[in-house]
Amino acid sequence: MDRFRMIFQYFQSNSESVMNGICGLLALASVKMYTSFDFSCPCLPQYNMAYGLGIMFVPPVILFLCGLILNRQSLMMLEEWRRPQGRRKKDLAVIRYMCSSIMQRAMVAPVVWIIVTLLDGKCLICAFSGSMDPEKFVGFANVSTAQQLLAKVPCKDDELMMNNTSRKAVSRYLRCWSQALGWSILLILIIAAFLARWLRPCFNQATLLQARHWSNYIDIEQKIFEETCCEHSRLFAHKCILHFFESMRQEIKLHSCSLPGEGEGAAGEEHFLWGITDQDQVNKLLKTWYYEKPPLDVS
Amino acid sequence: MDKFRMIFQFFQSNQESFMNGICGIMALASTQMYSAFDFNCPCLPRYNLAYGLGILLVPPFILFLLGFVLNNNISMLAEEWRRPQGQRGKDPAVLRYMFCSMAQRAMIAPAVWVSVTLLDGKCITCAFCTSVPVETLGNASHPHLSQGEIQRVLARIPCKEIYNGEQLIANEVAIRYLRCISQALGWCFVLLMTTLAFLVRSLRPCFSQAAFLKSRYWSHYIDIERKLFDETCAEHARSFAKVCIQQFFEGMSTDLVAARCHLPRKAPADAEEAAKKLLGITDRGTMNMALKSWHRCKPPLHLHPPALPTGNGWAGEGQPPMQPSAPRRETAAYYSWV
């Protein structure tokens, strides 16, 4: 009983901490992905915006989907949602609770990516350098190919852009905006999270406790069902094999006219021999196991 | 029994986590392989495409096959697929489940290789540098260059040291363009794979959950049954070997006694244990003969029933009265939810 209780507590605490751990790992993975990704702005007028905004928004979608896939609870929520009612009513509050907790965890890594991208600034510089007003910058004002030049601002090594002070001005301007945006988003999100956590007990606390309890219950029930099925299949297999060996022993006894001299020999080894005492009998046993597996019936 | 249960549960849960671990290790190995691989574009018109696409597509295929090879369950699947029906019907759903779960795990390392290759950009740059749109990016009106010459010049784009077409199209511009396309393709590929994985995982509970539970149970059952059978055979082999060797030594000592016409005294009770373990061999010459006989003429794989008690008292101790072996009763309790 004690062992079961320990196992229950382990599963209970472990499910949430496993999910939090995965969430944290994904956030770290998103930072690592950003730093190892070789950002390479095309510096062409039509392509800059698509590339910059693509790098800012496509990986977050991927990270969000990964967060949903790696979270075991999302599968459980879907099963609970789609199961036939049967004899157990469905509680929508539980499903809503599970959905919101899954979404919250899955949103962490995408938000981390977006914030890191904005704080770094390269994406926004690449995407919006072509949309700048050339008149504001000395080096680009009254130049016929201003658009082309502005598009090349993100590429420091371009021959036209090297040592161009106006390029640095545009770059600084855009980076400033990018970082301001990044910090503002971070501040808003943290305030929202803070308010949500502090104000939650003021609304529907009882319903929340119930929903959390029943969602944990569903999780534990699922795990125990799988464990019980494992144990059952182990015992089933054990019985099946015992029956098989027993039937082999009967067959051998029928076929061979051996003396009934199969008493307790050699220190109880007889128990493991199953009356199979020579090479041909062993070969026959192995062949029968392959060609004619016993039926799945241990009654 | 408890110990067995714990070990089996460990294997059961561990088999899946073991497989997931191998999957993760292979994904890491594929990124490591890519970074250790020294990419070397040939910079010749027709060879570039072959080399670039080869590096993009051949290693994933190898990694996919490796994923199957490293998976222990492949032999289980093959055995279940090819066995004769006998008394036990075959369920194609179980085979499909086993194959799908193995294929899904084996797909991860190749997908990682393709993503890393596309996001890095070298392969696509090498493969498609001859298709760069010179009209929009460069100077298409450059005179005195035939189509073949242009192709040759463009093919050298990845090799900056030997590139001589700055008037045609700047090297940096071409490489940035190709890398942008490559990275866009890479991210789209990753998005596609992730979306597919998400759909596969989330649509299953909506459609075939009961069938899925059934297939999963029986595929685990097949695995456990195979392991238990191997264990039982191993136990049998151990007992077989023990009895065989014991009978060999008994045979030897019977021969010795017959040869020497030496009636051993009945040993006192406390030394009987030690005498039993000596198996009738009490001097160097006899031991050497036993060893030589074991090497030259191993006993047949046939255990004879223990001999009836004889006068000299050597062929085993006093036999218990012969009983017919009672049928063994198993009283393991098990849940019958399935």
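Letters A, B, ... are given to chains in the order of the sequence lines, protein chains preceding strands, and every chain is numbered from 1.
Among B:F229, B:Y177, B:F198, the residue making the largest number of heavy-atom pairs under 4.5 Å with chain A is B:F229. Options A:L296, A:D38, A:L78 differ in how many heavy-atom pairs under 4.5 Å they form with chain B, and the most are formed by A:L296. Ranked by heavy-atom pairs under 4.5 Å with chain B, the first of A:P59, A:S74, A:A50, A:G54 is A:P59. Between chain A and the residues B:Q209, B:R226, B:E79, the most heavy-atom pairs under 4.5 angstrom are made by B:Q209. Considering only heavy-atom pairs separated by less than 4.5 Å from chain B, the leading option among A:V58, A:L44, A:I55, A:L65 is A:L65.
For A:Y290, the parts lying near chain B are the backbone and the side chain together; criterion is any non-hydrogen pair under 4.5 Å. When heavy atoms are compared at a cutoff of 4.5 Å, A:I62 approaches chain B by way of both its backbone and its side chain. Of the two parts of B:A197, the backbone and the side chain both hold a non-hydrogen atom closer than 4.5 Å to a non-hydrogen atom of chain A. B:I175 does not touch chain A: none of its heavy atoms, backbone or side chain, sits under 4.5 Å away. Using a 4.5 Å cut-off between heavy atoms, B:E172 does not touch chain A at all. There is no contact between A:W81 and chain B, counting heavy-atom distances below 4.5 Å. Interface residue A:Y51: only side-chain heavy atoms are found under 4.5 Å from chain B. Residue B:T136: no heavy atom, backbone or side chain, is found under 4.5 Å from chain A. Looking at A:M33, the atoms closer than 4.5 Å to chain B (heavy atoms on both sides) all sit in the side chain, from C-beta outward.
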Would B:E225 and A:H238 count as a side-chain contact (heavy atoms from CB on, under 4.5 Å) here? Give the steps.
CA-CA 7 Å; B:E225 191 188 49; A:H238 190 57; over 6 Å; no
Salt bridge (Lys or Arg N to Asp or Glu O under 4.0 Å) between B:R216 and A:E226, worked out:
CA-CA 10 Å; B:R216 193 173 65 173; A:E226 282 172 15; 3.2 Å; yes
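The minimum heavy-atom distance between B:R88 and A:P294, with the atom names listed, is NE-O, 2.8 Å. Scanning all heavy atoms of the two residues, the minimum distance from A:L75 to B:R204 falls at CD2-NH2, 3.7 Å. Scanning all heavy atoms of the two residues, the minimum distance from B:I224 to A:C230 falls at CD1-O, 4.1 Å. B:P84 approaches A:Y291 most closely through the heavy-atom pair CG-CD2, 3.1 Å. Nearest heavy-atom pair, A:I69 versus B:T194, reported as atom, atom and distance to 0.1 Å: CD1-O, 3.6 Å. For the residue pair A:V282 and B:F240, the shortest heavy atom distance occurs at CG2-CE1, 4.2 Å.
One finds the OG atom of A:S40 at 11.5 Å from the CG atom of B:L119 (value rounded to the nearest 0.5 Å). One distance of note links SG of A:C41 with CZ of B:R179; it measures 12.5 Å at 0.5 Å rounding. To the nearest 0.5 Å, atom OG of residue A:S233 and atom NE2 of residue B:H220 are 8.0 Å apart. Here the straight-line distance linking atom CE of A:M77 with atom OG of B:S202 works out to 9.0 Å at 0.5 Å rounding.
Remark: A:M107 CE is loosely packed, at most 12 non-hydrogen atoms of other residues, nucleotides or ligands lying under 6.0 Å away. Within 6.0 Å of the CE atom in B:M107, the count of heavy atoms belonging to other residues, nucleotides or ligands does not exceed 12. Counting non-hydrogen atoms of other residues, nucleotides and ligands closer than 6.0 Å to NZ of A:K90 gives a total above 12.
Contact annotation: the side chain of A:K293 approaches that of B:R83 to within less than 4.5 Å [non-hydrogen atoms, C-beta and beyond]. You'll find the side chain of A:L286 reaches within 4.5 Å of the side chain of B:C233, heavy atoms only. A 4.5 Å side-chain heavy-atom check between A:D278 and B:L303 finds every atom pair outside the cut-off.
The aromatic rings of B:H236 and A:F245 sit tilted relative to each other, their planes meeting at an angle between 30° and 60°.
Judged by distance alone, the side chains of A:H232 and B:Y217 do bring a donor and an acceptor atom under 3.5 Å apart.
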